[in-house]
Structure formats: C-alpha cells, structure tokens
Amino acid sequence: MRRTLKAAILGATGLVGIEYVRMLADHPYIKPAYLAGKGSVGKPYGEIVRWQTVGNVPKEIANQEVKPTDPKLMDDVDIVFSPLPQGAAGPVEEQFAKLGFNVVSNSPDHRFDMDVPMIIPEVNPHTVTLIDEQRKRRDWKGFIVTTPLCTAQGAAIPLTPIYQNFKMSGVMITTMQSLSGAGYPGIASLDIVDNALPLGDGYDAKTVKEITRILSEVKRNVPEPGVNEITLDATTHRIATIHGHYEVAYVTFKEDTDVRKVMDSMESFKGEPQDLKLPTAPEKPILVTTQDARPQVFFDRWAGNPPGMSVVVGRLKQVNPRTIRFVSLIHNTVRGAAGGGVLTAELLIEKGYIDKR
Ligand code: COA
Ligand code: MG
C-alpha cells in the first residue's frame, strides 16, 4: 500500500483552499496535515472558515489550528498546495521550492516561467519533465508546478480532442464566469448585481495566451496543424453566479467537419489519469449532454465523479459545414483549481516526482 503523504494547504481559508480541504479530507493517500494562513493563525479552522461549498467542514479538520505560512514549521510536509493570490504567491512558492518543497500552484505568478509546467493532467501530462530542467537550472531540491487559469481550462479541455482529431483553423470564445474565481469578498455587489461585467482586454489576452500554450503542448501528438495557424480569441465576463464558468465556443475548420464526429471525440476523450486510475480522475473528463438548454450552471457544475471534476459540454451545433458551436461548463474552484491541483499531485506521485524529502 502507498504511504500516506502529508499536504500543506496555503491560503487554506480561501475559496480554493476550502476545496482542497474538502477533497483531501477523503483522499486515500494525501492528508491535509497543515492548514496555512495569515490573519487566522492560531484559530481553529472550523470556527473561522467561510465554508462556501457543499457539505460541512470535515470533523477531523474543524479543530485543526490555522498555522503560519512558514516552511520552517513544515518539516514533515511532502507536498504544498498553493492557491495564493496573484503577486503574493510567486515569492512564497519560490521560497518553498528552494527549501526542497514540492509545490503545486494554482496561481499565475510562475505559469510562464520557461521551466515550469502548466498542467492539465489529461491534456499535457508529458510536460512534468520540465521539473528536471527546473531543478537543474535553479539548483532546487523542490519544484513548482502550476495549473492553468480556470477559464483557460474550461475551453482547453473540450478543445483538446477537437485539436487532436480535426483540422481546426479558429476558435472564438465568450465566457460568463462566476464570482468565486475572484475570491472573497470579491467584486462589490453594486458592480455585479444587474450586470454582466467585462473582465477587460488583459483577462481576454491571458485566456488566449494560456489556451495557446496548452494546445501547443497537445501538438506533440498531432502532426498537423500547428497551433500558431489557429486564430484564437476570447471575450470574458463576470456574472453573478457563485461557482462555475460557462463558456461559448465557435470552432472553425480547414475542411468540412461533422459535428457528430466532434461530439464523439469529446465523449471518448480520456488521458493518462484515467489509464492510471488516479483517485481524483473522473471516468470521463468531458460529459456531453444532448439535452436542450443544458448545461446550466446551477444544475451541472458538480458533474462527474469526484463531483465537479468533469467539464460538461452541450448545445453542439453544426453552424455551417466548416463551423461548429459548443458551450462548456467547468467548476472553476474544483476542476479549474483545487481538483486540478490534487489530480496533478497524483500524477506527480505516480511519476515518482514526490519522494520523502
Ligand atoms: N502569505 C500567506 N497567506 C496569505 C498571503 C500571503 N502572501 N496572502 C493571502 N494569504 C491568506 C489570507 O490572509 C487568508 O488567510 P487568513 O484567513 O488566515 O487571513 C488566506 O490566504 C485566503 O485568503 P484569499 O486567498 O484572499 O482567499 P479568497 O477566497 O479571497 O481568494 C483565490 C481565493 C483563490 C480566488 C485567490 O487566492 C486567488 O486569486 N488565487 C490565485 C489563482 C486561483 O487559484 N484562482 C482561482 C480561480 S477559480
Ligand atoms: Mg480574499
């Protein structure tokens, strides 16, 4: 049997932190052993956390004290999950990696370092080998691995089987994203109630940049076409849902492409986590619905098993012989953040990257 590994969760009281706690409380071999924070240090986790998710704070966790974000106190920790805010995450994660900790980060700060993997385990698992490069270049015993922006994952996961199987020429994406992606207290209610708030050019651009990188890493399996030949664009918005990013994509092809074949490719899509039967891998990373007016954020965001780990795709339509449309729904704080982080950790463990320090 596998040895139980001890995890530290940085920002454990945050909206992604709580999903780590929830998912790891039931995990077969990763235990939430160290809950790190800042303002809540010294207080019992169950008393101060805003548990804005399903269920209740797990009993065995509720009495754990929130502890300082200090690697010196984490001697027996095997893996560090970091969903810290942008800007704060970068230096903290470096400090941990330097000291030999294995860091799985959901934050953007290190995503585009050339020796840092940005992983969706079903899509680009081979990029874990960048860790070897990272350790060599930086002389670190530990490492940093990142997961992509939740918005990018909501599009990149369904686009992967399309990119693998068909000759795509362009993708136009429009998003309607939930509030939890911006944390608590998040956007002022007067800015978001009765509104669809454009996230702006910067957010649109980073969504495109991340999807482009992810697809370029799928390319390894595809002789043609190169991702640079694909025109990608995104228009991103925040709306007043709590969890779940809803995205509409129009995909154009270089040749006539049958929407039913595209649907089959998504339905049968699986990757290494499914082959390896990793505990957090859903049986199907993409669930396709043919029901009219589905998916819906309220009903479908917890789809899959573990709940929230499958992206739901629906409203597939042949627009013309070379254009299709689909919508996707991703649970942003689960598949798009904590769940993706746990699945990435399982992959790293399976590949031998997380040993006893
Ligand atoms: N060092 C240590 N702890 C820090 C910190 C730092 N530099 N910066 C913040 N924290 C702590 C907070 O103080 C808080 O702990 P406390 O309760 O003990 O005071 C804890 O981290 C959680 O706070 P915060 O991260 O603000 O939670 P949130 O729910 O408001 O926001 C995220 C959560 C995930 C949205 C936000 O951290 C974020 O944007 N992260 C980066 C990317 C990401 O994962 N996005 C999710 C997309 S769905
Ligand atoms: Mg906050």
Side-chain angles (χ1 to χ4, degrees), residues 8-23 34-53 57 64-74 80-96 101 103-112 118-120 144-155 175-188 199 203 206-207 210 236 238-239 241-247 297 301 308-309 311 329-342 344:
I9 302 162
L10 311 188
T13 56
L15 285 170
V16 172
I18 59 176
E19 299 298 346
Y20 273 117
V21 170
R22 188 183 62 73
M23 295 183 82
Y34 191 107
L35 308 179
K38 205 159 71 175
S40 319
V41 170
K43 306 208 173 102
Y45 184 76
E47 274 178 31
I48 50 84
V49 73
R50 293 179 56 85
W51 194 254
Q52 191 127 30
T53 183
V57 181
Q64 276 192 38
E65 235 179 53
V66 178
K67 296 189 187 139
T69 308
D70 181 352
K72 290 194 281 305
L73 304 172
M74 300 189 197
V80 176
F81 293 105
S82 169
L84 289 178
Q86 179 161 17
V92 174
E93 292 167 357
E94 273 176 44
Q95 185 196 10
F96 275 84
F101 288 91
V103 180
V104 175
S105 167
N106 307 108
S107 292
D109 293 353
H110 286 292
R111 278 187 199 140
F112 280 88
M118 186 175 84
I119 294 184
I120 303 174
I144 301 171
V145 162
T146 63
T147 67
L149 180 70
C150 36
T151 318
Q153 296 195 50
T175 74
M176 283 145 266
Q177 304 179 211
S178 67
L179 294 169
S180 58
Y184 183 86
I187 294 162
L199 285 168
Y203 202 104
K206 75 179 171 190
T207 303
E210 293 202 14
T236 59
R238 192 79 69 193
I239 59 167
T241 48
I242 296 177
H243 298 299
H245 291 353
Y246 185 92
E247 310 187 20
V297 174
R301 60 189 155 198
M309 284 303 287
V311 173
L329 172 64
I330 181 169
H331 197 306
N332 53 302
T333 52
V334 180
R335 165 53 86 160
V342 174
T344 299

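Every number for a ligand or one of its atoms is a count from 1 in the order of the listing. Note that the structure is a prediction, hence the values are computed from the model and not measured.
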| task | Could you find the nearest protein heavy atom to atom 42 (C) of ligand 1 and give me its residue, atom name and distance? | result | Asn106 O, 3.4 Å
| Among protein heavy atoms, which sits nearest to atom 34 (C) of ligand 1, and what does the distance come to when rounded to 0.1 Å? | Val16 CG2, 3.4 Å
| message | I need the Glu247 CD to Thr207 OG1 distance, nearest 0.5 Å. | response | 8.0 Å
| remark: Interatomic distance, NZ@Lys206 vs OH@Tyr203, rounded to 0.5 Å, equals 5.5 Å
| task | May I ask you to identify the nearest protein heavy atom to atom 27 (O) of ligand 1, giving residue, atom name and distance to one decimal place in Å? | result | Gly14 CA, 3.3 Å
| atom 14 (C) of ligand 1: the protein heavy-atom neighbour that sits closest, reported with distance to 0.1 Å | Thr13 OG1, 3.4 Å
| Polar side chain donor-acceptor pair, His243 to Ser180, under 3.5 angstrom | yes
| message | When you compare the side chains of Gln153 and His245, does any donor N or O come within less than 3.5 Å of an acceptor on the partner? | response | no
| query | Who's the nearest protein heavy-atom neighbour of atom 37 (O) of ligand 1, and how far? | reply | Pro83 O, 3.0 Å
| How long is the span from the CD1 atom in Ile18 to the OH atom in Tyr184, to the nearest 0.5 Å? | 12.0 Å
| note | If we number the atoms of ligand 1 from 1 as shown, the ones under 4.0 Å from a heavy atom of Ser40 are 16 (P), 17 (O), 18 (O), 19 (O)
| said: Donor-acceptor pair, distance only, cut-off 3.5 Å: does the side chain of Thr69 make one with the backbone of Gly37? | reply: yes
| task | Using a strict cut-off of 4.0 Å, indicate which atoms of ligand 1 neighbour a heavy atom of Gly183. | result | 28 (P), 29 (O), 30 (O), 31 (O), 35 (C)
| Are any of the side-chain heavy atoms of Leu73 and Lys67 separated by less than 4.5 Å? | no
| message | Any heavy atom of Gly336 closer to ligand 1 than 4.0 angstrom? | response | no
| request: Please check if any side-chain donor atom of Glu19 sits under 3.5 Å from a side-chain acceptor atom of Thr53, or the reverse. | output: yes
| said: I'd like to know if the side chain of Glu210 and the backbone of Leu149 have a donor-acceptor N/O pair within less than 3.5 Å. | reply: yes
| task | Go through ligand 1 atom by atom and flag the ones less than 4.0 Å from a non-hydrogen atom of Gly37. | result | 15 (O), 18 (O)
| query | Is the closest side-chain heavy-atom distance between Val92 and Glu94 below 4.5 Å? | reply | no
| request: Indicate yes or no: does an N/O atom of Leu15 lie under 3.5 Å from an N/O atom of ligand 1? | output: yes
| query | Which heavy atom of the protein is the closest neighbour of atom 4 (C) of ligand 1, given with residue, atom name and distance? | reply | Leu84 CD2, 3.7 Å
| request: Tell me which protein heavy atom sits closest to atom 28 (P) of ligand 1, plus the residue, atom name and distance to 0.1 Å. | output: Tyr184 N, 3.5 Å
| In ligand 1, which numbered atoms sit nearer than 4.0 Å to a non-hydrogen atom of Ala88? | 7 (N)
| Considering only heavy atoms, which of Cys150, Gly186, Ser105, Pro148 lies nearest to atom 48 (S) of ligand 1? | Cys150
| note | re atom 38 (C) of ligand 1, the protein heavy-atom contact at minimum distance is Pro85 CA, 3.8 Å
| Which atoms of ligand 1 have any heavy atom of Asn332 under 4.0 Å away? | 48 (S)
| query | Going by distance only, is there an N or O of Gln86 that falls short of 3.5 Å from an N or O of ligand 1? | reply | no
| request: Provide the number and element of each atom of ligand 1 under 4.0 Å from a heavy atom of Thr69. | output: 2 (C), 3 (N)
| note | Logged contact type for Ile48 with ligand 1, heavy-atom cut-off 4.0 Å, is neither
| query | In ligand 1, which numbered atoms sit nearer than 4.0 Å to a non-hydrogen atom of Gly181? | reply | 35 (C), 48 (S)
| query | If you measure every N/O of Val41 against every N/O of ligand 1, is any gap under 3.5 Å? | reply | no
| remark: Separation between OG1 (Thr344) and CZ (Phe81), nearest 0.5 Å, reads 8.5 Å
| query | What is the distance from atom CD1 of Ile239 to atom OG of Ser178, rounded to the nearest 0.5 Å? | reply | 8.0 Å
| message | With a 3.5 Å distance limit and no angle check, can you tell me whether Ser107 reaches the backbone of Asp109 through a side-chain donor-acceptor pair? | response | no
